Amino acid sequence: RLARNAKGHSLMCTLIEFSAGEPSTSQLVQEVLSAGATELCCHRYGFNVAVAILSNGLAWQKAQIMAAVSSNAQRLSRHRFGSQVLLQALACNHVRGHGALIDELLHCHGTLVKLACHCFGAQVVRGLSECTSCREVVSAILVKGESRLRKDRYGSLLLNGRRGGEQSAINSGRTGWVGV
């Protein structure tokens with residue numbers, strides 16, 4: 001319950017950041033993860049603990065969060081809090097299970113374009129485009145679905161890169177993805 005508490009989650013995050021290797025902290029994280037890593041990722045306060053585990057946790061803790069994210073990637077990418085955990089998981093390319101997560105997001109035809117047309121999914125597509133291992137694939141898929149993306153609110157923002165004054169997402173006429 002500590003990880004899902006309005007004030008307790010910040011205590012958990014601090015413990016994970018500064019003393020993840022301590023036996024007592026490790027035991028506490030194990031109890032939190034045994035209650036359900038996927039539910040933790042979707043919780044209003046618990047997602048912060050999941051992000052802290054991916055950033056500073058032990059290898060087995062990161063692997064457990066990564067497995068939960070990989071098995072529910074499609075659902076989490078459209079979730080307000082789950083998408084934040086998914087973004088952190090995409091940034092952790094050294095963690096076991098990172099390739100499985102990317103495969104889960106890219107394996108179905110049309111999935112990436114559908115994600116780009118969703119409020120939180122567009123953030124995930126941006127994060128996926130920053131992964132060096134799949135940048136070209138993401139770019140090719142987005143160029144292929146450009147006509148649908150131009151008609152959608154979030155898709156057009158992703159293509160134009162106007163959100164927050166970012167650079168243009170697609171070079172004019174070229175298929176390369178520019179750093180977003």
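As the structure is a computational prediction, the values presented were derived from the model and not from experiment.
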Would Leu90 and Leu105 count as a side chain to side chain contact (heavy atoms under 4.5 Å, CB included) if you check the C-alpha gap in whole Å, the side-chain angles of each, and the deciding distance to 0.1 Å?
CA-CA 11 Å; Leu90 286 171; Leu105 288 169; 4.2 Å; yes
Checking salt bridge (charged side-chain N to carboxylate O under 4.0 Å, His left out) for the pair Arg126/Glu130: CA distance, chi angles, key distance, verdict?
CA-CA 7 Å; Arg126 266 194 198 94; Glu130 293 173 3; over 6 Å; no
Evaluate the side chain to side chain contact (heavy atoms under 4.5 Å, CB included) criterion for residues Lys114 and Arg148: first the C-alpha distance (whole Å), next the side-chain angles of each, then the deciding distance (0.1 Å), finally the verdict.
CA-CA 9 Å; Lys114 289 177 186 173; Arg148 179 172 178 198; 3.6 Å; yes
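Atom CG of residue Leu112 and atom CG of residue Leu149 lie 8.5 Å apart, to the nearest 0.5 angstrom. To the nearest 0.5 angstrom, Cys117 atom SG is 11.0 Å from Tyr154 atom OH. Of the inter-residue distances, the one linking Met12 atom CE with Ile16 atom CD1 reads 4.5 Å to the nearest 0.5 angstrom. Rounding to the nearest 0.5 angstrom, the gap separating the CG atom in Leu11 from the CG atom in Leu28 is 8.0 Å. Between the CE atom in Met66 and the CG atom in Leu86 there is a gap of 9.0 Å [rounded to 0.5 Å]. With rounding to the nearest 0.5 angstrom, the CD1 atom of Ile53 is 11.0 Å from the CG atom of Asn48.
Applying the side-chain contact (heavy atoms from CB on, under 4.5 Å) rule to Cys134 yields the partners Ile102, Leu106, Leu128, Cys131, Val138; only residues at least two apart in sequence or on another chain are considered. Partners of His94 under the side-chain contact (heavy atoms from CB on, under 4.5 Å) rule, at least two apart in sequence or in another chain, are Lys62, Cys92.
Put simply, the side chain of Arg4 never gets that close to the backbone of Gly46: no donor and acceptor are under 3.5 Å apart. Judged by distance alone, with hydrogens and angles left aside, the side-chain atoms of Ser70 form no donor-acceptor pair with the main-chain N or O of Ala100 at under 3.5 Å. No donor-acceptor pair closer than 3.5 Å links the side chain of Ser26 to the backbone N or O of Glu22. No donor-acceptor distance shorter than 3.5 angstrom exists from the side chain of His43 to the backbone of Leu40, with no hydrogens or angles considered. Remark: the backbone N or O of Glu136 is not paired with any side-chain donor or acceptor of Ser139 at under 3.5 angstrom.
When the side chains of ILVMFWY residues are joined at heavy-atom separations under 4.5 Å, either directly or via intervening members, Leu76 and Leu87 end up in two distinct hydrophobic clusters.
Here the shortest heavy-atom pairing between Leu158 and Ala122 reads CD1-O, 4.0 Å. The two atoms that bring His98 and Ala89 nearest to each other are CD2-O, 3.3 Å, heavy atoms only. Taking every heavy atom of both residues into account, Ser71 and Ala68 meet most closely at OG-O, 3.1 Å. Nearest heavy-atom pair across Gly57 and Ala20 is CA-CB, 4.3 Å. When every heavy atom of Ala3 is checked against every heavy atom of Val32, the shortest pair comes out as CB-CG1, 3.8 Å.
Between Arg75 and Thr38, some side-chain heavy-atom pair lies under the 4.5 Å cut-off. When side chains are defined from C-beta on, Phe120 counts as touching Arg80, because their heavy atoms get closer than 4.5 Å. Here the side chains of Arg150 and Asn160 are in contact, with some heavy-atom distance below 4.5 Å. In this structure the side chain of Leu33 reaches within 4.5 angstrom of the side chain of Ile65, judged on heavy atoms. In this structure the side chain of Cys13 never reaches within 4.5 angstrom of the side chain of Glu17, judged on heavy atoms. Using a 4.5 Å heavy-atom cutoff, the side chains of Leu54 and Gln61 are not in contact.
In summary, the side chains of Thr111 and Gln74 do not present any donor paired with an acceptor at a separation below 3.5 Å, with no hydrogens or angles considered. Ser77 and Ser83 share no donor-acceptor pair across their side chains, judged by distance under 3.5 Å alone. For the residue pair Gln84 and Gln123, a side-chain donor N or O sits within less than 3.5 Å of a side-chain acceptor on the partner.
Pairs engaging residues 5-42 under the ring pair (Phe, Tyr, Trp, His ring centres under 6.0 Å) rule: His9-Tyr45 [sequence neighbours left out].
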